[in-house]
K.L.:
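Dropping the structure in here first, questions after.
Both backbone and side-chain heavy atoms feed into the values below; hydrogens, waters and symmetry mates do not. Everything numeric in this text was worked out from a predicted model, so none of it was measured.
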Amino acid sequence: MSGLFDRWLGGPATAQAEPAPQAVGLQLWLDDQGHVLRLAGPLRTVLPANSHSAPRVHDYLQQQSWLVLEGPPADWQGQPLDLDFATVHGPALHTRGWLQRQADGWLLQVFDIGDLLGEREQHGHRLTQQKLATELGRSLRDCDEERLLLTATEQLQQLAEHWHAGSVRLMLPGDSGWYTYTCSDNDWPWAEDERLRPWLQTLPPRGREIAAGNPLLQPSCAGLPLLAVPYLHGHTVQAWLLCAGAPRPPTSETVAALLQALIEPLLTRLRQQQLRQRSRHLDELQQQLGAGWWSWPLQGPLQFDPALALRLGVPPEATAEQWLGRLHPADREAARMALEQLREGIALNLSLRLLPANSLASPRWLQWVGQLQGRQVQGFLLDISALKAQELQAGAARARLENLIASSPAVIYVQRYAEGALHSEFFSASLTPLLGWEQDSEQARQPGQTLHPDDRWLWLERTRTLLRDGQARSRYRLRDHLGRYHWILDEARLLRDDLGQPVEAVGLWLDVSEATEAAEQVRQSEERYRVLVEDSPAMICRYRPDLELLFGNHPLAEQLECAPQQLTGMNLGQWLSDSQRAAFLQRLARLTPAQPLASAEICLQLPGRRTAWWVWAERGLFDEHGQLQEVQAVGRDNTEVRHSQQQLLQGAKMATLGELATGLVHEINQPLSTMRLALVNTLKRLESGEVDAEYVTGKLQRIDAQVERVAHLVEHLRTYGRRSEVEQHVFAAWVAVHGALGLLAEGLTGKGVALHIEEPDLCPEVLGHEDQLEQVLINLLVNARDALLERRVAKPRISVSQRVEEGQLCLLVEDNGGGIDPRLLERIFEPFFTTKPAGMGTGLGLSVSHSIVEAMGGRLEAHNGNEGACLRVWLPLYNAS
């Protein structure tokens with residue numbers, strides 16, 4: 001074979017025939033068209049059998065090698081041929097060879113160069129891996145501390161790309177097991193490592209590959225294998241590198257070098273970061289505690305922590321005398337003796353005071369600790385000023401407590417436990433002022449003998465509870481030295497030893513006679529109040545700002561058809577309409593601590609769908625911040641009065657319609673006459689035979705217009721005559737003017753009264769009932785008409801106009817009838833008062849109109865102008881807010 005390679009290296013074969021070559025490698029005998037005539041050589045056994053009768057050499061090659069063999073075999077000479085043959089084993093057979101003339105055909109001689117290519121590929125892979133390892137280590141060593149995690153993530157991403165893996169994850173040990181330090185991306189198969197952590201705990205300290213069929217991989221990785229490689233320091237695993245989703249997972253040996261290049265600088269940086277963090281935390285802790293180190297080489301000066309020295313105002317280095325000079329004079333001798341004992345190896349633990357730089361400030365208390373270690377003293381200083389201040393405060397508090405016990409009106413006592421009973425052993429000095437007993441008297445030794453006869457069972461129950469539960473609270477009566485009884489509040493606690501056995505009871509007696517008597521009086525007062533509230537004919541209740549009832553008496557429960565106990569928790573707003581509820585809540589929102597009272601008439605839809613009207617008065621209760629907490633309310637059923645008012649209003653409306661009957665008959669008769677005339681003319685035209693379609697159409701259209709006019713008038717009468725709705729609504733006030741004129745215009749014109757209507761540019765809206773405002777305007781117009789006709793004014797005129805002033809809308813009805821007698825201006829709104837002749841008018845028109853306008857939140861005024869009376873209807877403009 002070496003001879004053949006030498007000849008191939010020397011150049012292509014000559015054209016003359018040569019003897020058959022030695023059977024090495026693979027020989028293919030070809031004809032001039034490239035068909036394979038025969039195969040020889042040991043490599044022919046790895047080629048798959050070919051089914052063609054005259055196969056070409058391309059049938060044995062992989063497609064990428066077809067480009068090398070273009071044209072007939074004569075064109076293949078003079079060049080080395082690198083060919084990849086398909087094999088029965090799967091991997092391609094990489095060969096190199098040449099073509100030479102052989103008799104009448106051609107001989108293609110090739111040799112296996114797979115080992116050469118593999119060695120070259122491995123060498124290149126090693127160079128790439130070494131370069132990648134160098135880049136990994138340098139990147140982690142050179143990056144800033146803030147970018148350490150980001151840099152590690154970038155390097156893992158580079159490893160994932162190098163191995164063509166779906167994801168690479170680095171696991172480090174933590175306090176609660178292995179945790180993910182960083183990952184190459186977010187596409188990791190296991191959420192939050194819930195399944196990996198326990199699995200890593202069971203792995204031995206060596207790499208392991210999980211096959212695709214393992215149950216651990218079933219729900220993830222799309223069935224691809226997982227490679228886990230440890231990083232060992234000695235025999236301890238310090239990190240795991242997990243490679244998931246790689247089509248061809250790298251071997252553990254391949255990963256080990258890259259893992260070492262990645263982990264070693266990373267762990268070093270993390271340890272440095274942890275040390276710096278611990279040092280910073282230690283410095284912060286020492287600064288917060290006012291602590292720091294100090295040392296003394298016995299022969300030289302004392303050395304102090306620079307930060308501590310700055311806080312205490314001492315030099316970082318000071319001789320023993322300088323240090324002792326900074327101490328309080330009362331502590332210098334003890335400090336000097338402690339330094340001498342340190343030379344002998346006796347540990348130092350001393351509390352002393354450091355004089356401040358400012359003579360007005362208080363000394364600092366320090367805990368001075370040190371111990372001889374070799375030939376040098378090491379120790380620390382701790383600022384305990386706060387602890388000393390607390391000790392002083394505790395001492396002062398103890399002194400105040402002792403003084404308070406001695407001067408307290410309460411009696412502090414101690415009872416000793418012996419043989420299952422409690423025996424009085426101590427009473428404070430306040431016993432004599434409270435009950436007049438002496439501390440060594442028989443009453444003090446046997447207090448149970450002074451109990452009220454009705455309360456002796458309470459004393460026995462108090463003792464049993466105290467021994468059983470360890471504490472007791474009771475109230476009973478004790479007799480003083482004058483024979484009077486005092487209500488005593490007794491609170492006691494039992495003290496036990498380490499074995500849980502009772503030792504003594506410590507308790508407190510407090511005279512609560514006045515409080516008990518006051519509570520009894522309050523209870524009696526509450527009972528009287530409860531009876532008064534329950535028996536009251538008015539509805540009384542309490543509710544929150546959201547209308548949730550807290551209490552309601554029997555009358556309210558009867559109105560709502562439920563039991564009184566069912567009222568608690570019920571919402572009052574469920575009986576109100578949306579508009580009524582909104583008005584209710586707005587009224588509550590206007591309550592203030594300065595103005596806590598409000599009243600209104602509310603409308604409710606009670607059970608059985610009956611409408612009720614209540615006169616409601618309420619008072620708001622506020623907290624210290626001015627927030628409304630509760631509302632107390634008293635109500636009275638005003639339904640009957642409201643129904644009477646509605647009947648009166650409906651009667652006045654019907655009376656007005658009666659007065660308008662004559663004018664309405666004329667209003668209806670006129671279109672009827674017009675229609676009759678049009679029909680007569682049309683019939684005559686038809687009888688004469690002169691049928692003109694245009695003429696008939698015109699007549700019919702005229703009749704239709706008159707029918708529409710009558711229908712409109714009748715519909716208006718029906719709307720006006722029905723009862724008003726319960727709820728108020730929003731409407732344009734000028735619409736009511738048009739409605740009134742629609743009923744009265746023809747009648748006024750027929751009687752010679754001129755109407756002067758000033759149409760406004762804008763029609764503001766008000767809240768109320770449109771038909772009721774129309775009734776008011778009809779009353780005013782009818783009164784003006786009657787006054788003009790009664791006085792026989794030469795040119796009677798009524799003017800209607802509108803204006804808006806400061807949120808108020810004013811409708812003006814004026815006439816030129818000379819005005820109203822000034823002496824009657826104050827009485828014209830009284831019920832049943834009228835200036836009309838007997839038999840004319842009910843005297844209710846202006847009175848009802850006045851009530852209607854007031855119910856809409858406005859006012860009705862009567863004045864005399866230059867030519868006659870002027871009546872003004874003032875109404876508040878509607879505002880949605």
Side-chain angles (χ1 to χ4, degrees), residues 351 387-525:
S351 296
L387 296 178
K388 284 295 182 180
Q390 292 178 359
E391 289 180 4
L392 293 175
Q393 293 177 1
R398 187 182 302 109
R400 288 194 297 268
L401 178 61
E402 294 174 353
N403 183 43
L404 181 62
I405 291 175
S407 59
S408 173
V411 177
I412 299 175
Y413 66 87
V414 176
Q415 290 181 314
R416 178 176 45 83
Y417 176 81
E419 300 178 356
L422 295 172
H423 305 277
S424 300
E425 190 174 65
F426 167 79
F427 284 94
S428 63
S430 55
L431 177 65
T432 302
L434 179 64
L435 297 174
W437 301 350
E438 298 296 334
Q439 295 187 6
D440 56 351
S441 63
E442 182 65 21
Q443 296 97 326
R445 288 192 296 271
Q446 299 291 335
Q449 301 298 328
T450 66
L451 284 165
H452 193 281
D454 296 339
D455 298 341
R456 288 175 183 171
W457 69 275
L458 293 172
W459 175 265
L460 297 177
E461 182 64 24
R462 167 256 184 199
T463 304
R464 284 194 294 266
T465 303
L466 182 59
L467 294 177
R468 183 182 66 247
D469 300 337
Q471 58 184 5
R473 177 187 175 93
S474 59
R475 188 192 301 260
Y476 46 78
R477 286 166 285 185
L478 291 177
R479 187 179 65 250
D480 63 11
H481 67 293
L482 298 177
R484 297 173 301 184
Y485 284 98
H486 297 254
W487 279 99
I488 300 297
L489 177 64
D490 184 1
E491 295 188 359
R493 184 177 294 273
L494 186 66
L495 304 181
R496 303 178 184 271
D497 59 13
D498 297 340
L499 300 178
Q501 297 300 319
V503 177
E504 62 183 14
V506 179
L508 180 75
W509 281 352
L510 185 64
D511 189 348
V512 293
S513 300
E514 294 182 1
T516 303
E517 294 171 358
E520 179 63 20
Q521 294 176 0
V522 170
R523 187 192 65 79
Q524 296 176 1
S525 176

K.L.:
Do side-chain atoms of Thr450 reach the backbone of Pro447 as a donor and acceptor pair under 3.5 angstrom?
P.N.:
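Judged by distance alone, yes, a pair lies under 3.5 Å.
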K.L.:
Give me each pair satisfying ring-ring contact (aromatic ring centres under 6.0 Å, His included) with a member in residues 502-521, each pair once, sequence neighbours excluded.
P.N.:
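Those involving residues 502-521 are Tyr413-Trp509, Phe427-Trp509.
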K.L.:
Among Asp490, Asp455, Asp454, exactly one meets side chain to side chain donor-acceptor pair (under 3.5 Å) together with Tyr476. Which residue is that?
P.N.:
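When Asp490, Asp455, Asp454 are each tested with Tyr476, the side chain to side chain donor-acceptor pair (under 3.5 Å) holds only for Asp490.
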K.L.:
Just how far is it from atom CG of Asp511 to atom CG of Leu489, taken to the nearest 0.5 Å?
P.N.:
10.0 Å
K.L.:
Assess Arg462 against Trp459: is NZ or CZ under 6.0 Å from the centre of the six-membered ring, and within 45 degrees of the ring's axis?
P.N.:
yes
K.L.:
Grab the two heavy atoms, one from Leu434 and one from Val411, that are nearest each other, plus how far apart they are.
P.N.:
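Answer, listing the atom of Leu434 first, then Val411: CD2-CG2, 3.4 Å.
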K.L.:
Has the side chain of Ser441 got a donor or acceptor atom that lies under 3.5 Å from a matching backbone atom of Trp437?
P.N.:
no
K.L.:
Would you check if Leu510 and Ile488 make a side-chain contact, meaning some heavy-atom pair closer than 4.5 Å?
P.N.:
no
K.L.:
Would you confirm whether His486, through its side chain, and Ser513, through its main-chain N or O, come within 3.5 Å as a donor-acceptor pair?
P.N.:
no
K.L.:
Roughly how far, to the nearest 0.5 Å, is OG1 of Thr432 from NE2 of His481?
P.N.:
9.5 Å
K.L.:
Taking all atoms of both residues into account, what is the closest heavy-atom pair of Glu504 and Val414, and its distance?
P.N.:
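Closest approach of Glu504 to Val414, heavy atoms only: OE1-CG1, 3.5 Å.
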K.L.:
Supply the atom-to-atom distance Arg445 CZ to Asp440 CG, rounded to the nearest 0.5 angstrom.
P.N.:
6.5 Å
K.L.:
List the steps, then state whether salt bridge (Lys or Arg N to Asp or Glu O under 4.0 Å) holds for Glu425 with Arg416.
P.N.:
CA-CA 6 Å; Glu425 190 174 65; Arg416 178 176 45 83; 3.1 Å; yes
K.L.:
Taking all non-hydrogen atoms of both residues into account, name the closest pair between Leu467 and Arg496 and its distance.
P.N.:
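Between these two residues, the closest heavy atoms are O-NH2, 3.4 Å.
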K.L.:
Measure across Ser424 and Gln415 and return the closest heavy-atom pair with its distance rounded to 0.1 Å.
P.N.:
OG-NE2, 3.7 Å
K.L.:
So, the side chain of Ser430 versus the backbone of Ala410: is there a donor-acceptor pair under 3.5 Å, distance only?
P.N.:
yes
K.L.:
Quick check for you: to the nearest 0.5 Å, what is the distance between Gln443 atom CD and Glu438 atom CD?
P.N.:
9.5 Å
K.L.:
Quick check: closest heavy atoms across Leu422 and Thr463, and the distance to 0.1 Å?
P.N.:
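So the two residues come closest at CD1-CG2, 4.2 Å.
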K.L.:
Taking atom CG of Asp480 and atom CZ of Arg484, what is their separation to the nearest 0.5 Å?
P.N.:
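With rounding to 0.5 Å, CG (Asp480) is 5.0 Å from CZ (Arg484).
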K.L.:
Once rounded to the nearest 0.5 Å, what's the spacing between atom CD of Gln390 and atom CD of Gln393?
P.N.:
6.5 Å
K.L.:
Taking everything shown except Arg493 itself, do over 12 heavy atoms lie less than 6.0 Å from its CZ?
P.N.:
no
K.L.:
Shortest non-hydrogen contact from Pro453 to Tyr485?
P.N.:
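In terms of heavy atoms, the two residues are closest at CD-OH, 4.0 Å.
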K.L.:
Just wondering, do Val512 and Arg475 contact through their side chains at under 4.5 Å, heavy atoms?
P.N.:
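Yes, close enough: below the 4.5 Å cut-off.
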